[in-house]
K.L.:
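I have a structure I would like to understand better, so I am pasting it below and will then ask my questions one at a time.
Remember, predicted model here, so these are calculated numbers, not experimental data. Each chain gets a letter, A, B and so on, in the order the sequences are listed, and its residues count up from 1.
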Amino acid sequence: MSMPDLTSAAGAPVINMGTAIRDGLLEAARRDPSVIFFGEGVEDPGALFGTLKDIGKHIGHNRMIEMPIAENGLIGIAIGAALAGKRSVVTLQRVEFALLALEQILNNAAKMHYVSRGNHKVPLVLRMIVGRGWGQGPEHSQSLEAIFAHVPGLKVIMPAFAEDAKGMVTAAVEDDNPVVVIEHRWSHYTTSAVAEGYVHRPLDGPRTVRKGDGLTIVATSYMTLEAVRAADRLAEAGYPVEVLDLRVIRPLNLDPIVESVARTRRLLTVDTGFRMFGIGAEIASEVTSRCFDLLEAAPVRMGLPDHPTPSSRGLVRGFYPDAARIARTAAEMMGVDEAEIARIEGKILADRGDVPIDVPDPFFKGPF
Amino acid sequence: MSMPDLTSAAGAPVINMGTAIRDGLLEAARRDPSVIFFGEGVEDPGALFGTLKDIGKHIGHNRMIEMPIAENGLIGIAIGAALAGKRSVVTLQRVEFALLALEQILNNAAKMHYVSRGNHKVPLVLRMIVGRGWGQGPEHSQSLEAIFAHVPGLKVIMPAFAEDAKGMVTAAVEDDNPVVVIEHRWSHYTTSAVAEGYVHRPLDGPRTVRKGDGLTIVATSYMTLEAVRAADRLAEAGYPVEVLDLRVIRPLNLDPIVESVARTRRLLTVDTGFRMFGIGAEIASEVTSRCFDLLEAAPVRMGLPDHPTPSSRGLVRGFYPDAARIARTAAEMMGVDEAEIARIEGKILADRGDVPIDVPDPFFKGPF
Amino acid sequence: MTKMAENDYRLRCMRQMLRIRLVEETIAERYSEQEMRCPVHLSVGQEGTAVGVCDVLRSEDRVFSSHRSHAHYLAKGGNLNAMMAEIYGKRDGCIGGRGGSMHLMDPDAGMMASIPIVASSIPLATGTALSDKFDDNGKVTVSFLGDACLEEGVFHESANFARLRGLPVVYVCENNLYSVYTNLADRQPERPLTDVAKAHALESRHVDGNDLDAVREAASWAVETARTGTPTFLLLDTYRWREHCGPNYDNHIGYRTEEEFQTWRVRDPLERYRKQLEEAGILSAGSYAELERTLQAEVDAAFTFAINSPLPEPNEARAHVYA
Amino acid sequence: MTKMAENDYRLRCMRQMLRIRLVEETIAERYSEQEMRCPVHLSVGQEGTAVGVCDVLRSEDRVFSSHRSHAHYLAKGGNLNAMMAEIYGKRDGCIGGRGGSMHLMDPDAGMMASIPIVASSIPLATGTALSDKFDDNGKVTVSFLGDACLEEGVFHESANFARLRGLPVVYVCENNLYSVYTNLADRQPERPLTDVAKAHALESRHVDGNDLDAVREAASWAVETARTGTPTFLLLDTYRWREHCGPNYDNHIGYRTEEEFQTWRVRDPLERYRKQLEEAGILSAGSYAELERTLQAEVDAAFTFAINSPLPEPNEARAHVYA
Ligand SMILES: Cc1ncc(C[n+]2csc(CCOP(=O)(O)OP(=O)(O)O)c2C)c(N)n1
Ligand SMILES: Cc1ncc(C[n+]2csc(CCOP(=O)(O)OP(=O)(O)O)c2C)c(N)n1
Ligand SMILES: [Mg+2]
Ligand SMILES: [Mg+2]
């Protein structure tokens, strides 16, 4: 699958999203000496899945702050440093570790600018990674953007593509607000041509990654890739759909979605998080309120079912929405007949081949 | 305002919701010696806004466990005690204090039964109180049910009326699952006739508290009272609307709401929490998907605006949805003309009189 | 230090304690007018700790406080008019009425923030110290914390990191024996509270928090040690006279005894220090009375300022959600 | 204790260490087959702590563990077949494949739970101890924790409460010097780790965790002291031989040295104990080899059991969300 409308960097080196994020962080840190990095193993051989690799070598090891295993305290400390003028960038290996620090994040980080009537600023980047596959299980796989998105004062972003991710983390570092960056581990592997040097992508809202009039799919993070795969097979079969990569969950910019739905008259959302009380609900209900008379059918939301993530590959069959299911759902919404749907679905399943369910499909590596 | 369809206890003593909760907890603890209580100041002169008053005298002070100020640890300890067969009841003065313990709550409490394939049970009640008024400000007023509602394995309830609250906390204590009870401080003051002795109200879903065909209002907690006030004035003016008290946020039982909306064809939700990514979004979007062809208009959601709660009474004007705004919104949805709306609104404002904005309206004391 | 300079700090500290006392007694007196419509946590009886510590700080040093922030705010040089207007919920409040008594701040005076979630400001203080160490700007941050904060894990997480990195931060524990209505003995096992500091290799001093000179001397050590990159811990024994939250005395409601209060009453840091200065011939009864009059006039003016300040408009509430 | 009984525990512990070693070495050997599809954290080199502590526990006593749970699970008497099936993600796993290696539990054997969030099981262990104290049932709970757990606030919160209430809980800190790739010295200031226990008035013992007898004796003190309502803390020095997560050696990747590993390699708790028992004449080379054969056969059978167990069906995943 190709994604020409996404890359501003044809000819640029093809790298994966993890590396692109690392390059973006490095670039931002080079330009601004107040940027400092926190992480558990911030300069260890793993370097947070490689996303902080060698940054200390370039900007000075003193700016790489090894975190003791104390997420609440250290995130509070990162906030304090931000109050005093640093740009703190904290990386957590898993979203779940942030649960220990929600008091600091939801009260101090989110509200300090507001409470201080603008006196204080909290330029904080809080990166956290969603685990998936290889038996991660219930406490290493949650994608809890709905929690962060609920709280005014935070920004919440979820990049899906390499170059965009590079530009978005740069924008996050430069932002004077606390920005929660939720990165899906499987997105780290996706590749694209990524412009070298400084790249800035404003945290301004969704981006259209596939055009089509049959239906609007709003997807987040890794699910954007599954949606694109579904869209390509649907288009091939004569049912082009629009895919919007949501990118920024908060502040939520619905305008491009409303514009698209006004044309397609149908909305499908696909999240990486739990479906119930998830972010799709906000999008679906707000789009409904803005496009009620234009909608042909109720918006449909896809997300994780209402139970924790089990570890065994036997148990996760069907747990995650995938391209096949997205295509089927979209096709059903468009009134495509069952035989045709089965054909499209079959093609997608054949594309996937016998890649085991608990590892990323090489197909998704791109380049996009 | 009266609420005959709610009370099963005509003639019973009229008490307030805080006392009713206390009575329900005491009753449950008397019947089951494994019930133990945790709280900061669990037996102090305040006794958690009186909601634990004298319980220790009746069941033994040893069952009243004073919590050091260490919410994460102590809630984890309460979960551990539950694993070993206790029914732990934890009370926090404010919802915000639970933010320190979300790792324990969202991982250990919510998932232990699931992860253990049913081997372990976590009979835990986690009461937390929403502050409002008298300048509580940004960190003593949040109503974060959307966070808890997002996580499978938890139950989340929000009682609004005294007798119902008594029965619901009893059911919560008897439940083998972790139940988060979010109590609005202003609801503590509302009164009704409450049956003495053992009262059990199943945690099964919403209850209709006003009947009407013009529109369905789904309200939670204290907002149910504001909605009822609005409904009564609307009914008086010839526009009867239905009001459902949601009661149980998770597991969410939408059937009675869908049934009502199928008749009224219009839905308005009113929450105590932030509107964005709030629980109203789940209700609105799911009802839309189940009643799309029946709806006359898009559902409307009311909730808190997208900023933290300021302290000053000057700044909170208009911050909280109230009966006047609910009535106006409902009337607009029903196509009532502006003059009529202004008349209804005027009556409600006159009812309120000059009660300051930052204290509960005595009107809401009931009895209901 | 010359005799002259010493006299200087003594009078300055006495004046500061008296000023804080008068502010808070006036709040207590007028609270029932129901115009200060937010929870207030008074420090009456505890002024020695705030004043003794803040007096050794430079103006650019930083302080973080908690729900009980009036004394810290004033001792660090926070603007009195802005404080009173904040408590009255007015537009001229230090943060325009957004936070009330529990969120007082005056960053220009180094009073960085007050955070009403117990112990929540401790990592923030540790974080500004980290930043200041990066900037090598010589600033020290003081983190005021109550005895209950030692129970919160985040204190330990912060202290461990501060010591590990050698941060210029002083943790000042004001042990007033209570968290709301609960005695220390019902919340923590018996052992010297300074053992908690030792767990994180923090050096500490433990002194009578109602003895201004003792506090100031210990603080001087703590702050100057911290300034060289060795964080320190001060344990200061003191006592809150009035109820946890609100203007009243509450010795009759059962959680503590009148006797206990009286023991501490006679150890009033202000009265003790006044006597001490009188005995040392530094202060006369007349000059004290004169000082009291002057300060009370200032306090009354601040109340008037606050009362005359307008309520903020609701539309102001929407500003500053994002920077 | 009679000579006989002592012999008894020695052979029992030797056997248990060997069994755990063989299980984990077999996991390491077969992990590359990619059929155990979940993260595994091996305890190879650390068996002395699990075995020495669990050997003094009664069957009804309770244990909580972390991500590195295999040794604790087996030492506490957890079912081996169910463990291997769990790691293989199979239906006969101890929790039917829901958790994998990081969530092992066997409540019937007192192995209450393993929790992969660092330090998250510590309050749970403190909570079962609270319940058991209520029930006055004589049970003790052991909370196994890594050195990194001392950095997490929740350890402190739990320890404070345990001492305050006199709970029958033993905190066993297995100090293997690392959290993932980060050395203790980069995470905590220098001071005796037992000072952390002292902060909460916990009595402690500090012994060589690779010396089975020393561990067992200290554990015996700790457990029996806890049984009488005085919680205790054990600090056990040990070392993880293989990588933090996964089957390989990793001394070449830069975070630790081959030399450091070799120092600890020669202090292998298993080999040391085997020699000791041989020297004491309790064990012969022949009987050891025989034991090894028997245990390996048991281990191989467990792998076969796991491999033959079916994968769970996806619809099973929907059960047990609510009780
Ligand atoms: C995390 C949290 N838990 C509980 C509270 C409720 N609370 C407010 S003040 C206070 C007492 C704290 O005691 P201490 O730290 O000793 O300060 P003091 O009030 O004695 O000055 C408590 C428990 C809170 N604000 N935050
Ligand atoms: C709260 C939290 N933070 C970080 C992690 C990532 N993590 C997994 S294991 C581990 C190392 C913990 O070290 P220690 O407690 O010493 O145990 P060891 O691995 O050495 O046995 C870390 C940091 C986690 N699981 N949970
Ligand atoms: Mg105190
Ligand atoms: Mg370790």
K.L.:
To the nearest 0.5 Å, tell me how far C/Thr128 OG1 sits from A/Lys86 NZ.
P.N.:
10.5 Å

K.L.:
Can you say whether A/Asn62 sits under 4.5 Å from chain C via the side chain, the backbone, both, or neither, judging by heavy atoms?
P.N.:
both

K.L.:
Relative to chain A, which segment of C/Phe64 carries a heavy atom at a distance below 4.5 Å: side chain, backbone, both, or neither?
P.N.:
side chain

K.L.:
Give the member of C/Ile122, C/Asp135, C/Leu164, C/Asn160 that has the highest number of heavy-atom pairs under 4.5 Å with chain A.
P.N.:
C/Asp135

K.L.:
Are more than 12 heavy atoms, taken from residues, nucleotides or ligands other than C/Arg227, located less than 6.0 Å from that residue's CZ atom?
P.N.:
yes

K.L.:
So which of C/Ala129, C/Pro123, C/Ala319 has the biggest tally of heavy-atom pairs under 4.5 Å with chain A?
P.N.:
C/Pro123

K.L.:
For A/Pro152 versus C/Val321, what's the shortest heavy-atom pair and its separation?
P.N.:
CB-CG1, 4.2 Å

K.L.:
If you count the non-hydrogen atoms of other residues, nucleotides and ligands that lie under 6.0 Å from CD in C/Glu203, is the total more than 12?
P.N.:
no

K.L.:
For chain C, which candidate among A/Ala110, A/Ala81, A/Pro251 shows the most heavy-atom pairs at distances under 4.5 Å?
P.N.:
A/Ala81

K.L.:
Tell me, out of C/Ala317, C/Ser121, C/Gly99, C/Ser158, who's got the most heavy-atom pairs with chain A below 4.5 Å.
P.N.:
C/Ala317

K.L.:
Measure the CZ-CD1 distance between C/Phe161 and A/Ile77 for me, rounded to the nearest 0.5 Å.
P.N.:
5.0 Å

K.L.:
Please classify the contact of A/Ile75 with chain C as side chain, backbone, both or neither, using a heavy-atom distance under 4.5 Å.
P.N.:
neither

K.L.:
Does any heavy atom of chain C fall under 4.5 Å from the side chain of A/Met112, the backbone, both, or neither of them?
P.N.:
side chain

K.L.:
So, taking the atom named CG in C/Leu124 and the one named CG in A/Asn108, what distance separates them when rounded to the nearest 0.5 Å?
P.N.:
4.5 Å

K.L.:
Which distance, rounded to the nearest 0.5 Å, do you find between the CZ of C/Arg62 and the CG of A/Leu83?
P.N.:
8.5 Å

K.L.:
Atom CG of C/Leu130 and atom CD1 of A/Ile65: how far apart are they, to the nearest 0.5 Å?
P.N.:
4.5 Å

K.L.:
Sort A/Lys111 into side chain, backbone, both or neither according to what part of it lies under 4.5 angstrom from a heavy atom of chain C.
P.N.:
neither

K.L.:
About how many Å separate CG of A/Leu106 and CD1 of C/Ile117, when rounded to the nearest 0.5 Å?
P.N.:
11.0 Å

K.L.:
Where along residues 114-124 of chain A does a heavy atom come under 4.5 Å of chain C, listed by residue number?
P.N.:
A/Tyr114, A/Val115, A/Ser116, A/Arg117, A/Gly118, A/Asn119, A/His120, A/Lys121

K.L.:
Mind ranking A/Asp176, A/Ile79, A/Asn107, A/Leu74 by heavy-atom pairs under 4.5 Å with chain C and telling me who comes out on top?
P.N.:
A/Leu74

K.L.:
Which one wins on heavy-atom pair count under 4.5 Å against chain A: C/Pro107, C/Gly96, C/Cys94, C/Ser120?
P.N.:
C/Ser120

K.L.:
When heavy-atom pairs shorter than 4.5 Å are enumerated against chain C, which of A/Glu103, A/Lys155, A/His113, A/Arg63 gives the highest number?
P.N.:
A/His113

